[in-house]
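What follows is a single structure, written as structure tokens, with notes after it.
Just the heavy atoms: all of them, side chains too, but no hydrogens, waters or symmetry mates, feed the values below. Since we're looking at a predicted model, the values are computed, not measured.
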Amino acid sequence: MSRSPSFSVKSEVNVKLDPESLQKWVVAFCIIRFDLEQGQLIEECYPPGVLTQDEELEVAFSSFPDSISQHQNRSSIHDCIFFFRVRRKEISQPRNVSSSEITEMDDSKLPRSKSSLANKSKFMYGFVFNRQRHDERLRRGGEQKSVVILSHSPYSTVFKPLLQIMGPLYFDIGSRALEHIAACVSMWPAPITGKQMELPIGNALLKAHLPPAHSLPMDGETFSKESTSSMAPFLPNNQSVPQGLFHDSDLFGTFRGLLLQLWLLWELQLIGEPILIIAPTPPQCCEAVAGLVSLVAPLLCSVDFRPYFTIHDPEFSYLNTLQEGATFPPMVLGVTNLFFLKALRSIPHIVSVGNSTANRLPQTSRSSSGSVSGTPEGFGFRQLSLKKFSPTNLLNAVKLRRDGPLSLMTEHKEAIWSTYPAAMKPDTSILNRLIDAGLSPRVEESMSVVNNEILRRHFLELTTNFLAPFGPYFRTTTPSEGSSPFDEPSRPQFSADEFLANLSTRGPGKFLAKRMRSNWLDLYRRFLKGPNFMPWFERRRAVAEQEQHRLWRQARINADVPRLISKMPELEVVDLFNAIERHLLREMELQESRRAYVDSVTICQKLKGDLLTVFNVLPKDMQQLLLLNPQRASLLRGSPEVTKLPGRPLVQRQHSLVCSLHHWMGRFSLIVTAATVLIDDQGW
């Protein structure tokens with residue numbers, strides 16, 4: 001357990017709780033005690049009444065390590081931090097919002113107000129500070145209690161450090177710690193996704209970088225914070241800025257014994273394959289799940305992941321009924337109970353991580369088999385190869401495969417059981433850059449940071465290049481010079497078959513070509529059919545459409561309509577009138593529904609002026625036809641305006657120049673067009 005920041009509660013300082021501000025960060029703070037007769041009990045929940053009875057039970061069961069995972073701990077006091085993810089049972093929404101309404105947004109549905117979508121997630125995260133105290137004088141030789149922070153947001157960079165303060169503080173001063181921490185959190189500014197925030201907590205200051213909006217579940221607030229930069233097919237300039245969830249996870253420390261398999265795990269996570277991760281302790285299994293989710297950044301992870309999953313989870317009863325060979329739902333489950341090896345036989349991929357002798361994230365050094373020097377050496381592919389392909393290890397690998405994952409019942413070992421045909425080859429140049437820290441724990445910790453940055457940057461680059469072929473579907477366009485900004489911009493339609501055919505012709509790109517095997521197209525095919533693709537694609541597409549809408553809307557504000565229609569034939573002028581009217585009505589509809597832009601009043605005035613300008617140049621008989629529509633007549637109501645257009649004679653609304661301006665055939669065509677508009681208006 002890392003040292004906690006110094007913290008003190010000053011009784012003379014009166015910090016008042018702001019419940020509304022608190023909910024932006026935290027659902028509740030809970031104190032849960034393990035009672036020998038009644039089991040897990042929630043002693044305190046602050047604020048009270050925010051959880052259903054079923055949620056209280058689920059949170060209580062998820063807040064303690066399985067006894068089997070801690071049986072080797074003999075210290076008097078043992079603290080550990082882990083987190084879980086559970087499904088919320090009741091979600092209050094101001095109105096029903098369909099998934100298509102969220103992901104398939106047209107101009108009439110923009111912008112979304114923060115109140116139109118409930119700022120609620122269908123999942124809730126629990127960050128746990130668990131203390132086990134061993135005392136032979138107590139019944140069963142000890143007791144355990146957990147301090148839990150519940151939140152709708154997976155802000156591990158905030159809540160893990162907060163627990164390092166709050167956990168020890170609670171065991172020092174009791175319930176006052178909850179009230180004081182809650183009051184401090186309620187004073188924080190609202191979360192700003194993708195930014196580093198400084199959050200005061202008593203006399204301490206938490207500095208945390210929140211995950212970007214595009215990696216969080218869809219709601220009105222996170223969608224409004226997304227930008228086209230989150231979908232650009234190139235690496236960000238600042239690599240230290242998180243590009244996905246759990247940027248702080250310890251990739252190197254967690255998967256150190258399976259580094260050659262990281263590319264296989266990346267593929268499995270990318271295409272949304274079900275994975276069971278088993279580890280000796282909750283901190284190790286939840287760190288492994290978080291590491292897997294972070295591997296595919298900046299891709300939005302739509303797979304249901306459970307950092308710490310127990311048999312008490314309501315969904316276990318369903319998963320337990322699946323027969324061997326049945327299709328397992330796309331989930332990543334982190335477990336410590338070996339019973340899952342027998343209960344979930346239909347899950348196709350099993351990963352064993354962690355050190356059975358460690359009670360927290362493994363930080364003890366493991367020297368490479370080829371190392372003969374006491375100085376730090378490269379944790380490179382050469383050493384990994386010697387270790388992996390030595391006769392002893394080869395026999396052990398064969399034995400592991402033959403015995404299967406049930407071999408973990410007798411001895412815990414780091415291994416992967418999967419029959420998936422990987423398309424990606426391990427990058428030996430990346431493995432050679434990793435550093436083995438030797439025996440010093442302090443050096444080990446600093447070198448782990450360096451190794452994590454190397455691995456994270458590589459997989460970020462790998463995922464970004466993999467997603468790059470989809471870039472053309474997210475590009476935004478602006479009206480070309482001389483064209484009308486009132487036309488509807490075209491958007492390329494996506495066809496999976498067409499995409500795969502084009503990709504097969506041009507190849508995966510230089511970066512991926514040297515790292516992928518001959519079956520690389522199968523990886524794209526599986527990705528298109530997997531659970532991650534469509535939510536990511538539709539969300540990126542919606543963001544692109546929102547940005548394109550903004551650009552074209554700004555172009556309409558800046559449009560010089562008199563100059564534009566001076567170069568148009570008569571039929572195009574009528575089309576322009578219809579287009580301006582359509583945009584004006586849409587803007588007015590947004591105002592009525594209270595979803596309008598800040599500058600909506602200004603643009604309505606601009607569009608009304610443009611509509612009248614175009615109306616003034618139309619023939620009188622067409623004007624009369626158009627004015628038969630009461631709604632249109634109200635838009636055009638006002639004093640007569642005179643417009644002098646370049647290359648055209650003086651025109652007034654009450655003055656007819658039909659014969660001199662139009663040939664009879666052109667006049668007939670215009671009247672037919674106007675009559676068609678009238679018929680559409682009247683619904684004839």
Side-chain angles (χ1 to χ4, degrees), residues 100-112 212-214 218 223-237 298 300 464-465 467-496 498-499 501-503 505-506 509 533-561 563-565 567-569 571-573 575-587 589-590 595-600 602-603 606-607 610-611 614:
S100 61
E101 201 175 357
I102 295 175
T103 56
E104 298 176 2
M105 302 176 69
D106 60 21
D107 293 349
S108 64
K109 296 172 183 173
L110 292 170
R112 295 279 184 197
H214 67 260
M218 170 72 79
F223 184 85
S224 65
K225 295 177 182 177
E226 290 191 59
S227 64
T228 52
S229 61
S230 64
M231 56 193 180
F234 47 81
L235 285 172
N237 294 327
L300 172 67
T464 303
N465 278 275
L467 299 176
F470 298 97
Y473 298 96
F474 310 138
R475 288 176 186 160
T476 57
T477 61
T478 55
S480 58
E481 187 176 357
S483 63
S484 172
F486 298 96
D487 296 335
E488 296 293 341
S490 60
R491 305 183 183 104
Q493 298 299 315
F494 180 79
S495 166
E498 182 180 349
F499 171 82
N502 293 335
L503 188 62
T505 302
R506 66 175 183 266
F533 169 69
M534 193 53 69
W536 168 80
F537 181 85
E538 290 185 339
R539 186 161 170 180
R540 296 277 65 74
R541 183 70 165 240
V543 174
E545 290 176 358
Q546 185 185 45
E547 176 65 11
Q548 183 161 277
H549 171 81
R550 186 190 66 81
L551 294 173
W552 282 69
R553 187 173 182 274
Q554 186 61 43
R556 290 192 287 272
I557 295 176
N558 300 330
D560 186 353
V561 172
R563 182 178 179 182
L564 188 65
I565 60 179
K567 303 176 182 178
M568 285 184 172
L571 287 176
E572 291 185 11
V573 173
D575 293 336
L576 179 62
F577 180 91
N578 295 331
I580 295 175
E581 182 187 38
R582 184 170 60 252
H583 288 294
L584 176 57
L585 293 175
R586 187 174 298 168
E587 200 73 31
E589 181 184 351
L590 289 174
R595 294 182 290 143
Y597 291 89
V598 176
D599 60 347
S600 184
T602 303
I603 193 173
K606 173 68 164 57
L607 290 174
D610 292 341
L611 190 70
V614 178

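Atom CD of E589 and atom CG of L584 lie 11.5 Å apart (nearest 0.5 Å). Rounded to the nearest 0.5 Å, atoms CZ (R506) and CG (N502) are 6.0 Å apart. In this structure, OG in S484 is found 12.5 Å from NZ in K567, a value given to the nearest 0.5 Å. Atom NE2 of H583 and atom CD of E581 lie 11.5 Å apart (nearest 0.5 Å). Rounding to the nearest 0.5 Å places CD1 of I580 at 12.0 Å from CG of L585. Atoms CD and CZ, from E587 and R553 in turn, are 4.5 Å apart once rounded to the nearest 0.5 Å.
Taking each heavy atom of Y473 and P492 in turn, the nearest pair found is CD2-O, 4.0 Å. Annotation for L564 and S483: closest pair CD1-O, 4.1 Å, computed over non-hydrogen atoms. For the residue pair H214 and R539, the shortest heavy atom distance occurs at CA-NH2, 4.0 Å. Minimum heavy-atom separation, A544 to T476: O-CG2, 3.4 Å. Between R556 and F486 the shortest heavy-atom distance is CD-CD2, 3.5 Å.
Classification of the F470-W536 ring pair by plane angle, with boundaries at 30° and 60°, yields perpendicular.
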(request) Please test E547 against R475 for side-chain contact (heavy atoms from CB on, under 4.5 Å), starting from the C-alpha separation and ending with a verdict. (result) CA-CA 10 Å; E547 176 65 11; R475 288 176 186 160; over 6 Å; no
(request) Apply side-chain contact (heavy atoms from CB on, under 4.5 Å) to D610 and K606, showing your working. (result) CA-CA 6 Å; D610 292 341; K606 173 68 164 57; 2.7 Å; yes
(request) Take F577 and I565 through the test side-chain contact (heavy atoms from CB on, under 4.5 Å) and record every step on the way to the result. (result) CA-CA 10 Å; F577 180 91; I565 60 179; over 6 Å; no
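Here F494 and F533 bring their ring centres to under 6.0 angstrom of each other.
In this structure, the side chain of W552 engages the main chain of T477 through a donor-acceptor pair within 3.5 Å.
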